[in-house]
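Single-structure report; data block below.
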Amino acid sequence: MTRFSTRRTFLRATGGTALALGFTTGPLPGAHAASADEFSDLRAKWRALVLGAGFSPTAEPFKSRLAELGARAAAYRSAMVPAAGSLWPELVWADPEPDADQESYGYSQRMNDSFSRLSVMAQAYCQQGTGLTGNAALAADIVAGLDHLYAGIYNEGQTRFGNFYNWQIGAPQALLDVCVLMYDQLSADRIANHCRAVDHFVPDSAVASYTGTSTGANRVDLCRVLILRGIVGGSPAKIALGRNALSPVFPYVTSGDGLYADGSFIQHTFVPYAGTYGAVVLGGLGSLISLLAGSTWAVTDPNRQNTFDAVESAWAPFLYNGLVMDGVSGRGTSRGVRLDDPRQIQADDHLRGHGILAAIVLLGQGASAAENARWRGLVKGWLQRDYYSPVLSDRELSLVGMAALKSVLDDTSVAPIAEPTGHRLFPSMARATHRRPRWAASISMASKRITYYETGNGENLRGWHTGSGMLYWWGDSYANGQYSDAFWPTVDPYRLPGTTNSRKVLADGAGGDWGAAKPDVNWVGGATDGNRAAIGQYLRGLQSTLMAKKSWFCLDDSIVCLGAGIKCTDGTGVESVIENRNLGRSGVHALTVDGTVKPMSHPWSQTLTGATWAHIAGMGGYVFPGGATVKALREERTGKWSDINRGMSGTAITRRYLTLYADHGTDPSDAAYAYLLMPGVSTAQTAARAADTGWLQILANTGDQQGVRVPSLGFTGVNFWFGGAVGALTASAPCAVMISEKGDGTAVICVSDPMRMQTGLTLTWNRAVASVLSKPPTVTATATGASLSLGFGDLSGTAGATQRITVALG
């Protein structure tokens with residue numbers, strides 16, 4: 001298994017220095033003799049990509065990791081008992097009723113896992129410092145294991161069952177890695193057998209069209225199989241096919257799987273997935289571009305530049321202090337402590353992030369010198385700031401990845417780059433990131449185009465409300481373990497921070513697998529100038545009658561959060577969760593409300609009536625304009641990873657939580673809320689903001705419009721759920737508007753059509769404007785003077801993108 005997904009293998013390959021092994025058997029009959037040296041060179045390059053290079057096997061952390069690799073391989077070898085239907089007794093692949101049901105998924109997975117174990121054994125044989133380096137008996141057992149799997153399950157006469165992935169990607173990738181590593185130990189007949197098996201399960205037709213399970217990350221994985229099949233079997237045509245089949249991955253897409261022009265990355269049609277499947281694309285393309293560079297089959301498609309550009313447009317916005325934000329990791333957030341090895345954490349946001357950083361370093365080898373240098377600076381900064389999960393202590397990162405990242409840390413010519421700041425809105429995947437110099441936040445939403453959440457393969461069974469406006473945030477030097485420290489198995493899944501939810505009980509996996517459940521709403525998105533933003537979500541609950549309008553106005557030191565039109569007839573309570581902080585195993589962070597420190601015992605709860613502000617020590621502050629009734633709760637929650645992922649450990653885990661929420665009661669008809677989130681501020685700063693009642697003006701907070709003005713920032717933001725007038729703004733149709741008035745006498749007006757339905761729009765700003773300095777082609781008419789009028793043409797094809805207009809104020 002891997003941190004990128006349950007079965008991804010690229011960055012889990014352990015690294016080391018390649019060894020010259022024995023004699024060369026040469027290419028298969030039919031291969032071009034003139035290409036024999038090139039095939040040999042490509043095998044050597046892939047060995048280096050699988051095993052790694054440039055580190056000392058006697059230096060830490062590599063010495064210990066290599067010893068662990070050897071111990072793991074030895075354990076696999078000693079437990080190997082070839083029998084009918086299995087190579088290891090606990091990995092029986094013989095399915096009594098082979099089909100495509102969940103039970104058959106398990107049998108096909110065990111077949112896949114059998115190849116993965118042989119790959120570990122082959123790596124231990126090839127690596128220095130494992131205690132098994134060059135061990136002839138181990139080599140014989142690896143070859144015998146391959147023979148047994150070929151004879152019993154993975155051969156050209158076998159019919160596929162269970163999960164396609166295991167047959168077309170997981171197993172053949174591990175098999176071909178072993179064939180490369182053990183090439184000199186395999187006869188031509190054996191290699192021919194394995195190539196026929198791969199050809200049977202991964203025929204050329206697997207990449208004939210860019211549809212179904214042959215898109216995005218899956219397509220890159222299939223191309224890896226084809227290219228390695230060509231290298232192992234001496235087939236130029238297979239290598240060319242795999243190289244050419246990468247081309248559909250490079251262009252931007254406008255629907256379905258792939259990379260979008262706005263930086264979104266989607267897999268499984270409806271799921272934001274930059275943190276997992278997107279990482280597979282990043283790492284897979286990096287490895288294949290590097291592998292084929294300088295060969296007859298070099299990747300030269302000019303559209304590959306889109307992938308290079310995406311490092312900073314699609315991945316960097318979601319990387320923070322070495323972690324990758326969970327809002328783009330799909331069901332990967334449910335992968336914690338493994339069932340087969342409870343000592344190991346399979347993945348968390350930091351571990352996934354480290355793998356992406358390693359992939360960026362690898363991809364940089366095929367990019368321009370300027371891109372490579374900048375990326376290494378970004379990576380070094382992220383690594384140096386990862387105080388919570390230092391990369392050299394990462395037990396899950398491959399030796400290849402470890403070597404790559406340590407080389408960046410040790411490179412004195414690389415200067416670390418500070419965390420990027422600014423706002424990024426991703427309309428195509430209903431996500432946003434807001435990054436300030438001392439903190440970062442992310443918002444996850446859902447629409448008719450983007451699922452509430454993804455479950456599948458028994459994973460992420462209770463992620464129901466992660467798309468209901470979940471607001472994640474991290475500090476520069478604090479709270480970086482908020483979602484890493486057993487958050488997902490222990491948090492109340494009905495009280496995710498930022499969300500508005502019905503307490504209606506949902507079944508595990510409610511809504512269906514692979515992102516099937518989507519709300520029938522269009523208005524999700526917003527407008528941004530790249531620094532601040534106005535974001536909105538028309539929320540409809542999963543398997544619920546809940547409806548709400550939610551807005552976030554992202555500013556310099558805070559995020560203004562509004563909710564209105566909240567109604568529900570489920571017969572249950574409805575809540576808007578202001579905060580739900582994971583305090584760890586024994587956290588006692590003080591909660592101060594309007595100057596009074598509340599009890600720190602667990603459990604504890606209190607209804608805070610007329611509260612104007614609250615502060616959580618070591619975290620940040622919350623301001624409630626005009627006062628609010630807020631419920632506060634301290635509790636210890638116990639859960640198991642197996643509660644949310646059937647393949648994870650069933651060991652009970654307990655964490656403490658401090659929760660603040662607005663209780664809208666049972667079946668509310670028109671409830672609302674308003675609060676400011678201020679990460680990292682002190683108690684005094686929180687109190688001061690609450691006392692400055694003129695700092696924030698709430699212009700509207702209804703089911704028709706939500707808007708705010710902050711005079712000191714020159715900021716106005718309005719989400720028009722319907723056309724109408726709010727403050728100095730009037731819109732003829734639904735839209736999002738954000739205005740920043742500058743100190744130089746200009747203003748930037750940002751407008752978007754989150755619904756992607758407006759064929760015309762008129763926006764009037766009741767403010768003296770002397771002239772329009774710049775505008776996009778979508779603005780078809782302007783009028784200036786005592787007020788500004790902007791006429792927009794058809795916005796339905798803008799994919800929710802912000803239209804930016806600059807004016808000179810009168």
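Values reported hereafter were calculated over all heavy atoms of this structure, with side chains retained and with hydrogens, waters and symmetry mates removed. No experiment lies behind these values; they were computed from the predicted model shown.
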Is there side-chain contact between [X] and [Y], with at least one heavy-atom pair below 4.5 Å?
X      : Y      : result
Val681 : Asp557 : no
Leu539 : Leu546 : yes
Arg331 : His268 : yes
Glu635 : His602 : no
Trp474 : Asp349 : yes
Thr716 : Leu699 : yes
Gln537 : Ile443 : no
Asp394 : His350 : no

(request) Determine, step by step, whether Asp520 and Arg540 satisfy the salt bridge (Lys or Arg N to Asp or Glu O under 4.0 Å) criterion, reporting the C-alpha distance in whole Å, the side-chain angles of both residues, the deciding distance to 0.1 Å, and the verdict. (result) CA-CA 8 Å; Asp520 185 20; Arg540 297 178 73 98; over 6 Å; no
Ignoring hydrogens, what is the shortest heavy-atom contact between [X] and [Y]? Give both atom names and the distance.
X      : Y      : result
Asp508 : Trp464 : OD1-CZ2, 4.2 Å
Val577 : Arg495 : CG2-CA, 3.6 Å
Gly620 : Tyr622 : O-CE1, 3.7 Å
Gly509 : Thr455 : CA-CG2, 4.0 Å
Asn460 : Tyr453 : O-CE1, 3.3 Å
Thr666 : Gly571 : CG2-C, 3.8 Å

With a 3.5 Å distance limit and no angle check, can you tell me whether [X] reaches the backbone of [Y] through a side-chain donor-acceptor pair?
X      : Y      : value
Arg532 : Leu713 : yes
Lys504 : Thr572 : no
Thr451 : Ala517 : yes
Glu419 : Asn321 : yes
Tyr483 : Asp348 : no
Lys550 : Gly498 : yes
Tyr661 : Thr500 : no
Asn501 : Tyr494 : yes
Arg656 : Val588 : no
Arg352 : Gly332 : yes

(message) Set out, in order, the CA-CA distance, both residues' side-chain angles and the distance that settles salt bridge (Lys or Arg N to Asp or Glu O under 4.0 Å) for Lys567 and Asp670, then state yes or no.
(response) CA-CA 6 Å; Lys567 56 185 177 180; Asp670 190 22; over 6 Å; no
(request) Kindly determine whether Ser334 and Asn645 satisfy side chain to side chain donor-acceptor pair (under 3.5 Å), including the steps that lead there. (result) CA-CA 6 Å; Ser334 70; Asn645 187 323; 3.1 Å; yes
Whether the [X] and [Y] side chains hold a donor-acceptor pair (N or O, under 3.5 Å, no angle test) is what I'd like checked.
X      : Y      : answer
Ser444 : Thr466 : no
Asp667 : Thr569 : no
Thr276 : Ser329 : no
Asn582 : Gln482 : no

In Å, rounded to the nearest 0.5 Å, how long is the span from [atom1] of [X] to [atom2] of [Y]?
X      : Y      : atom1 : atom2 : value
Tyr673 : Asp663 : OH    : CG    : 14.5 Å
Arg424 : Arg431 : CZ    : CZ    : 14.5 Å
Leu357 : Leu383 : CG    : CG    : 5.5 Å
Glu579 : Leu591 : CD    : CG    : 11.0 Å
Leu677 : Cys561 : CG    : SG    : 6.0 Å
Ile578 : Leu471 : CD1   : CG    : 11.5 Å

(message) Phe265 vs Phe318, test: ring pair (Phe, Tyr, Trp, His ring centres under 6.0 Å). Steps then yes/no.
(response) CA-CA 12 Å; Phe265 182 89; Phe318 293 99; over 10 Å; no
(request) Show your reasoning for whether side-chain contact (heavy atoms from CB on, under 4.5 Å) applies to Gln685 and Thr683. (result) CA-CA 6 Å; Gln685 289 170 313; Thr683 305; over 6 Å; no
(request) Evaluate the criterion side-chain contact (heavy atoms from CB on, under 4.5 Å) for residue pair Ser558 and Trp695; output intermediate values, then yes/no. (result) CA-CA 12 Å; Ser558 58; Trp695 185 84; 3.6 Å; yes
(request) Report yes or no: is the cationic atom of Lys549 (NZ for Lys, CZ for Arg) closer than 6.0 Å to the six-membered ring centre of Tyr538, at no more than 45° off its axis? (result) yes
(request) Applying side chain to side chain donor-acceptor pair (under 3.5 Å), run through Arg436 and Asn531 and close with a yes or a no. (result) CA-CA 9 Å; Arg436 307 308 305 150; Asn531 185 42; 3.1 Å; yes
(message) Tell me whether the count of non-hydrogen atoms from other residues, nucleotides or ligands lying under 6.0 Å of CZ in Arg637 goes above 12.
(response)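 Yes.
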(request) Check the surroundings of atom CZ in Arg646: do more than 12 heavy atoms from other residues, nucleotides or ligands lie under 6.0 Å from it? (result) no
(message) Would you say the ring centers of Tyr472 and Tyr320 fall short of 6.0 Å from each other?
(response)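 Not close enough - the centres of the two rings lie 6.0 Å or further apart.
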(request) Assert yes or no for the condition that the ring centre distance of Phe270 to Trp514 is strictly below 6.0 Å. (result)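 No, too far apart.
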(request) Just do the side-chain contact (heavy atoms from CB on, under 4.5 Å) check on Thr686 and Thr592 with the steps written out, would you? (result) CA-CA 10 Å; Thr686 308; Thr592 304; over 6 Å; no
(request) Could you point out which residue of Trp439, Trp473, Trp552 forms a ring-ring contact (aromatic ring centres under 6.0 Å, His included) with His434? (result) Trp439
(message) For Thr333 and Asp326: C-alpha separation, side-chain torsions, deciding distance, then whether side chain to side chain donor-acceptor pair (under 3.5 Å) applies.
(response) CA-CA 6 Å; Thr333 59; Asp326 278 349; 5.8 Å; no
(request) In sequence, state the C-alpha distance, the side-chain angles, and the governing distance for Leu676 and Trp613, and then conclude on side-chain contact (heavy atoms from CB on, under 4.5 Å). (result) CA-CA 9 Å; Leu676 278 72; Trp613 63 269; over 6 Å; no
(request) Determine, for Asp492 against Arg503, whether the closest basic-nitrogen to carboxylate-oxygen distance falls under 4.0 angstrom. (result) yes
(message) Less than 4.0 angstrom from a charged side-chain N to a carboxylate O is my criterion; do Asp692 and Arg689 meet it?
(response)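 No, Asp692 and Arg689 are not salt-bridged.
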